[in-house]
J.: 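My structure is below; once you've seen it, I'll send some questions.
Worth saying up front: this structure is predicted, and the values here are computed from it rather than measured.
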Amino acid sequence: MVARVSIILPLSLVVALILCFATVALSSTFTDDNPIRVVSDGPHDFQSSDVFTNIVDIHDDDDDDDDAPILPRSNIKAIYQFGDSISDTGNLIHENPTFKYARLPYGISFFQIPTGRPSNGLLMIDYFKCKEKLGKSLIMMGEIGGNDYNSVLFGKTSMLKAYDLVPEVVQVIKYVIKEVIKLGAIRIVVPGNFPVGCMAINLALYKTNDSRMYDELQCLKHLNQFAEFQNNKLQQAIRELQKDHPHVTIVYADYFSAFKEIIKHATSLGFDKDATMKVCCGVGENEYNFDMNRQCGSDGVVACEHPNQRIFWDGIHLTQHAYRIMANWLIKYNFDPIFSMT
């Protein structure tokens, strides 16, 4: 697995560049005549905390447009995101048109057709487009490495194999950041790993009756400890890069904290209190626990009636509503150095 990360680096860079062009192209897809409409089943007046006060909730049957940009005014014109399925706006299905992301119910809440986005609608990157024409470019370097770690976690092999991957993954990220800096990038956001012990698929795979394995949010402690280990190594690499390139602003995007905040305040954010950790798609009509043998996009698998009342879309990826809330948190707490640049 370590060798695979190293050997395919040049190919990964090419694929990532293709992905970033698809992401940037979104701004021309949604124009003044065809604006983004953000839909949500959540209440209009949730009061959980100051963290999420800028979120605008619109019910699925509301025809009004959400014209409020989620990003503050800035001089950023384009966003280039390197990453995996968390940020894939449709490239994978161009390479493999029969892949499950090309089939309903993927895309049902926003596009009403599958676009290749692995969610019921928009992703986090979609909420980083502003209505205004912005000035310069932003590089989002990640989230990278998740699929490599998942290949170990899903196999339920020794966690040591996952830990052994971390230095190689971090070095790959560090190398690519150096390359884009050479090309002229001066604004870079580097996302960390999610709290993988809170992800529905891992909760199903590692389910146990031993209560000591879970934290106060009912997430698996040992998997979250691994994610924190990886994130600490990544932040160390960012500090080293920032020291070597003082003219560049490099920001760590704390996916770990942002996602845990959603779980903590799930009910007041409009999510179903009885289904906080259950998936919307990838199960039978009357079942809600993740099933590896009945994945979203497979024949006979249906989505829940109100996707935006769920955090999880398909066990690995989140719903549109969850991505929007995460994006808002990240902008509020992590992105200020980027948007304060002149």
Side-chain angles (χ1 to χ4, degrees), residues 1-21 23-24 76 78-88 91 124-125 128 136-153 159-196 223-259 330 333-338 341:
M1 183 59 63
V2 172
R4 184 172 72 86
V5 175
S6 301
I7 293 172
I8 67 169
L9 176 60
L11 178 60
S12 297
L13 186 56
V14 172
V15 173
L17 285 170
I18 295 173
L19 171 60
C20 79
F21 281 116
T23 299
V24 172
I76 294 174
I79 299 177
Y80 299 86
Q81 178 157 15
F82 297 75
D84 52 21
S85 59
I86 300 299
S87 55
D88 186 1
N91 285 284
M124 272 187 288
I125 187 63
F128 301 148
K136 297 182 180 178
S137 297
L138 170 66
I139 303 294
M140 292 197 65
M141 190 59 66
E143 180 254 0
I144 291 174
N147 289 334
D148 298 283
Y149 300 139
N150 286 343
S151 67
V152 176
L153 299 182
M159 285 298 297
L160 291 176
K161 292 184 178 180
Y163 278 95
D164 288 343
L165 276 175
V166 172
E168 188 75 14
V169 170
V170 171
Q171 282 303 116
V172 167
I173 296 171
K174 190 174 181 181
Y175 172 82
V176 179
I177 290 174
K178 289 179 179 179
E179 292 300 304
V180 297
I181 289 175
K182 287 180 184 179
L183 294 172
I186 61 170
R187 296 171 174 85
I188 303 172
V189 173
V190 187
N193 203 350
F194 283 81
V196 292
L223 295 183
N224 279 355
Q225 287 169 354
F226 164 73
E228 290 182 298
F229 174 83
Q230 192 268 352
N231 290 342
N232 289 336
K233 294 296 184 182
L234 181 59
Q235 290 177 79
Q236 179 182 338
I238 291 172
R239 288 191 292 270
E240 294 169 358
L241 286 165
Q242 188 67 83
K243 182 178 179 180
D244 294 339
H245 304 278
H247 66 290
V248 177
T249 297
I250 308 174
V251 171
Y252 174 72
D254 192 355
Y255 281 15
F256 190 98
S257 295
F259 187 71
L330 293 166
Y333 289 105
N334 292 166
F335 282 30
D336 184 64
I338 293 289
M341 293 177 67

J.: May I have the step-by-step check of side-chain contact (heavy atoms from CB on, under 4.5 Å) for Q230 and K233, ending in yes or no?
T.: CA-CA 5 Å; Q230 192 268 352; K233 294 296 184 182; 5.9 Å; no
J.: Working to the nearest 0.5 Å, report the span between CG of L330 and CG of D336.
T.: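 Answer for the CG-CG pair, L330 versus D336, is 13.0 Å.
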J.: Do you know the tightest heavy-atom contact between F335 and M140?
T.: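 So the two residues come closest at CZ-CE, 4.3 Å.
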J.: Start with the C-alpha distance between L223 and M159, add both sets of side-chain angles, then the distance that settles side-chain contact (heavy atoms from CB on, under 4.5 Å), and finish with yes or no.
T.: CA-CA 9 Å; L223 295 183; M159 285 298 297; 3.9 Å; yes
J.: Can a donor-acceptor pair be found, under 3.5 Å and without considering hydrogens, that links the side chain of N193 to the backbone of A227?
T.: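 Absent.
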J.: For V169 and G145, which heavy atoms make the closest approach, and how far apart are they?
T.: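 Looking at all heavy atoms of both residues, the shortest contact is CG1-CA, 3.8 Å.
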J.: Looking at every non-hydrogen atom in both residues, tell me the closest pair between I188 and I338 and how far apart they are.
T.: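 Minimum heavy-atom contact is N-CD1, 3.9 Å.
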J.: Tell me, with the steps shown, if D254 and Y333 meet side-chain contact (heavy atoms from CB on, under 4.5 Å).
T.: CA-CA 9 Å; D254 192 355; Y333 289 105; over 6 Å; no
J.: Would you name the heavy atoms of A253 and V189 that are closest together and state the gap between them?
T.: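 Taking A253 first and V189 second, the nearest heavy atoms are CB-CG1, 3.6 Å.
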J.: Run the salt-bridge test on K182 and E179 with the 4.0 Å N-O cut-off and return the result as yes or no.
T.: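 Yes, charged N to carboxylate O under 4.0 Å.
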J.: CD1 of I238 to NZ of K174: how many Å apart, nearest 0.5 Å?
T.: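 It is 10.5 Å, given to the nearest 0.5 Å.
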J.: Taking atom CG of L234 and atom CE of M141, what is their separation to the nearest 0.5 Å?
T.: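 These two atoms lie 11.0 Å from each other.
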J.: So how far is it from F226 CZ to L153 CG, rounded to the nearest 0.5 Å?
T.: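 Between F226 CZ and L153 CG, I get 6.0 Å after rounding to 0.5 Å.
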J.: Taking all heavy atoms of P337 and all of V251, pick out the closest pair and write down the distance.
T.: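 Looking at all heavy atoms of both residues, the closest pair is CB-CG2, 4.0 Å.
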J.: Using 0.5 Å steps for rounding, measure from the CD atom of E143 to the CG atom of D84.
T.: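 Atom-to-atom, E143:CD and D84:CG are 4.5 Å apart.
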J.: Might you point out which heavy atoms bring V196 and N224 nearest each other, and give the distance in Å?
T.: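 Where V196 meets N224 most closely, the heavy atoms are N-OD1, 3.3 Å.
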J.: CD1 of I173 to CG of L241: how many Å apart, nearest 0.5 Å?
T.: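 One finds 10.5 Å between CD1 of I173 and CG of L241.
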J.: Out of the candidates D148, L160, V170, only one should pair with L165 under the side chain to side chain contact (heavy atoms under 4.5 Å, CB included) rule; please name it.
T.: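 Result for side chain to side chain contact (heavy atoms under 4.5 Å, CB included) with L165: D148.
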J.: Quick one: do N231 and Y255 satisfy side-chain contact (heavy atoms from CB on, under 4.5 Å)? Show the steps, please.
T.: CA-CA 10 Å; N231 290 342; Y255 281 15; over 6 Å; no
